[in-house]
Amino acid sequence: MNIGVVGGAGYVGLITGLGLAEIGHRVINVDLDEGRVGQLNSGHSPIYEEGIDSLLKKNLATGSIQFTTRLAEAIVPSDVIFIAVGTPSGLDGQADLSQVIQAVEGLVQHITNYKVVVLKSTVPVGTVELVRTLLSRSKIEGEDFDIVANPEFLREGKGLKDFFYPDRIVIGTHAEKPQSIMRELYRPIIQREVSWESNESADPGSGHIPLIETDITSAQMIKYASNAFLATRLSFINEIAGLTERVGADIREVALGMGYDPRIGHSYLNAGLGFGGPCLEKDLLALIKIAEGNDYAPVLLKSVLERNDKQIETVLSKVKEVTGHLLYKKVVSVFGLAFKAATNDVRDSMALKVIDRLEQEGAVVQAHDPLAIPEAKVLRPGLICADDPYEAVRNSDVLVILTEWPVFAELDYARIKKLMKQPAIVDARNLLDATKVRASGFTYTGIGSV
Ligand code: UDX
């Protein structure tokens, strides 16, 4: 099929376009960002993702994917058009739909034959009506276009793996024609015919991928409810962590024991700094707005957010327990800027929020991250960063671990101890082996244990 992806240089658009190209479609990704489009056309991905550069080069070479800034080039030849533009949080938490509106207003001018318009971006329930209105001004639904909601469930760092080997595919539409087109579009994935290998060995699994064909609104709610549920699990485990450290239990043991119940499961139960990143908080805020807009009080959802914010102060007070109450002029080394491991993304990173609080209290922060320093410097130009982790700990009063990069656990802590002013670690991700670190002479504080 011929596919156009609007917002094709952004995270979701790029993964979607590349994935569709790899499974045999002809894809044109269009984006307003000239810099990124140029970079992509020369074979370099602006985002870090396992296996992305080789996939990009391969599909550029075969002509399966192209990148352009001209909307018409992507729309005119395409049977299916994905809208994958950003929907950031507006001032009040409501999703900002200006990029969606701009994209749809642009594409309607170039619809000359039937198109399936797929909403890939996470957009509030009700946006479909807006898109329909914009398209219906000059086109007839069912004849010139159909709208489908096809939410993404891509985890950053594992986005390509999640694209090729998803847990499920959700297709929301009221009509048979777009439904069968979407089924055909994803057929190689649904039937597990894709053989894509990243650096990490991907388990292709067996049996068909579950395909959920439903109405548009339910499809959108599946996305919001999934992210809200994941966020709830994290706020739950962090709340229990606060309690385990008070009663003398260890949250890691508690989570391990809980997870064996198949109704609970082990994944997504690591207590720590709480959830950050461009999705969970934004989607939770948007869902709260959707509830309030429908005269419904989202009591639980609001407390999930509130609980998450509390983790910042929890970590700050743990740092103060080590350094004394006054942080003024204390040197605090920080390992981790990205919102999670295996990404250079610092958007809504809890690490940056903790750093802001440390600096507000007068601490001198020296930060290190294996990948995210350039991105962090864009948002916090004054931040003192070191490419070498051992440089970042020089003369510091405390080392705080804020991102769960496995590489931090492999460092030479005997060397780190010699470089620091005082050997103290606050591990906000429960990443290090407490017994080992204590044995090498550090004061160690994790989350949810004594
Ligand atoms: C999330 C969803 O997982 C994905 O399905 C969705 O479509 C996009 O949003 P992502 O934002 O990439 O993906 O991050 P995710 O891996 O879910 O982690 C979110 C945050 O939770 C990170 O800050 C991470 O460090 C934290 N986290 C995750 C924990 O603190 N503990 C855990 O056990 C898991």
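Whatever order the structure lists ligands and atoms in, that order sets their numbers, starting from 1.
When non-hydrogen atoms are compared, ligand 1 lies under 4.0 Å from the side chain of L234 (C-beta onward) but not from its backbone. By the criterion of a heavy-atom distance under 4.0 Å, neither the backbone nor the side chain of T403 is placed next to ligand 1. Looking at E152 against ligand 1, both its backbone and its side chain come within 4.0 Å, counting heavy atoms. Counting heavy atoms under 4.0 Å from ligand 1, residue L280 touches it through the side chain alone. Counting heavy atoms under 4.0 Å from ligand 1, residue N227 touches it through the side chain alone.
Pairing each heavy atom of G7 with each of V85, the nearest pair is CA-CG1, 3.9 Å.
For CZ of F229, the number of neighbouring non-hydrogen atoms (other residues, nucleotides, ligands) closer than 6.0 Å is 12 at most.
Look at R187 and E184 and you find a salt bridge, because one of the NZ, NE, NH1 or NH2 atoms lies within 4.0 Å of a carboxylate O, short of that distance. Ion pair R380/E359 not flagged as a salt bridge, since none of the NZ, NE, NH1 or NH2 atoms sits closer than 4.0 Å to an Asp/Glu carboxylate oxygen. Between E239 and K310 there is no salt bridge, since no side-chain nitrogen of the basic residue lies less than 4.0 Å from a carboxylate oxygen of the acidic one.
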Salt bridge (Lys or Arg N to Asp or Glu O under 4.0 Å) for E404 and K340? Distances and angles first, verdict last. CA-CA 6 Å; E404 64 276 32; K340 66 173 187 180; over 6 Å; no
Decide yes or no on side-chain hydrogen bond (donor to acceptor under 3.5 Å, both in side chains) for R357 and Q360, but give the supporting numbers first. CA-CA 5 Å; R357 288 290 292 114; Q360 277 162 16; 2.9 Å; yes
Set out, in order, the CA-CA distance, both residues' side-chain angles and the distance that settles side-chain contact (heavy atoms from CB on, under 4.5 Å) for D427 and F442, then state yes or no. CA-CA 12 Å; D427 182 357; F442 281 93; over 6 Å; no
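Of all protein heavy atoms, the one lying nearest to atom 17 (O) of ligand 1 is Y268 OH, 2.4 Å. Among protein heavy atoms, atom 4 (C) of ligand 1 sits closest to L154 O, 3.8 Å.
Near E156, meaning under 4.0 Å from any of its heavy atoms, are these atoms of ligand 1: 12 (O). Listed by number with element, the atoms of ligand 1 under 4.0 angstrom from any heavy atom of E404 are 24 (C), 25 (O). For ligand 1, the atoms sitting less than 4.0 Å from at least one non-hydrogen atom of L230 are 3 (O), numbered in the order shown with element in parentheses. Within the listing of ligand 1, atoms 29 (C), 30 (O), 31 (N), 32 (C), 33 (O) sit less than 4.0 angstrom from a heavy atom of N270. Set against the non-hydrogen atoms of F153, the atoms of ligand 1 under 4.0 Å away are 5 (O), 7 (O).
Under a 4.0 angstrom heavy-atom cut-off, K223 registers as being in contact with ligand 1. At a 4.0 Å cut-off, at least one heavy atom of R429 sits close enough to ligand 1 to count as contact. Residue C279 places a heavy atom under 4.0 Å from ligand 1. For A341, the closest heavy-atom approach to ligand 1 does not fall below 4.0 Å.
Relative ring orientation between Y186 and F163 is described as tilted, the plane-to-plane angle lying within the 30° to 60° band. Below 30°, between 30° and 60°, or above 60°: for Y260 and H266 the angle between ring planes is above 60°, a perpendicular geometry.
Here the shortest heavy-atom distance to atom 14 (O) of ligand 1, taken over K340, H266, R155, belongs to K340.
A donor-acceptor contact shorter than 3.5 Å is absent between the side chain of N29 and the backbone of A9.
Taking any N or O of G276, backbone or side chain, at least one lies under 3.5 Å from an N or O belonging to ligand 1. Between F339 and ligand 1, at least one pair of N/O atoms sits closer than 3.5 Å.
Side-chain atoms of F275 and M350, non-hydrogen and from C-beta on, never get closer than 4.5 Å to each other.
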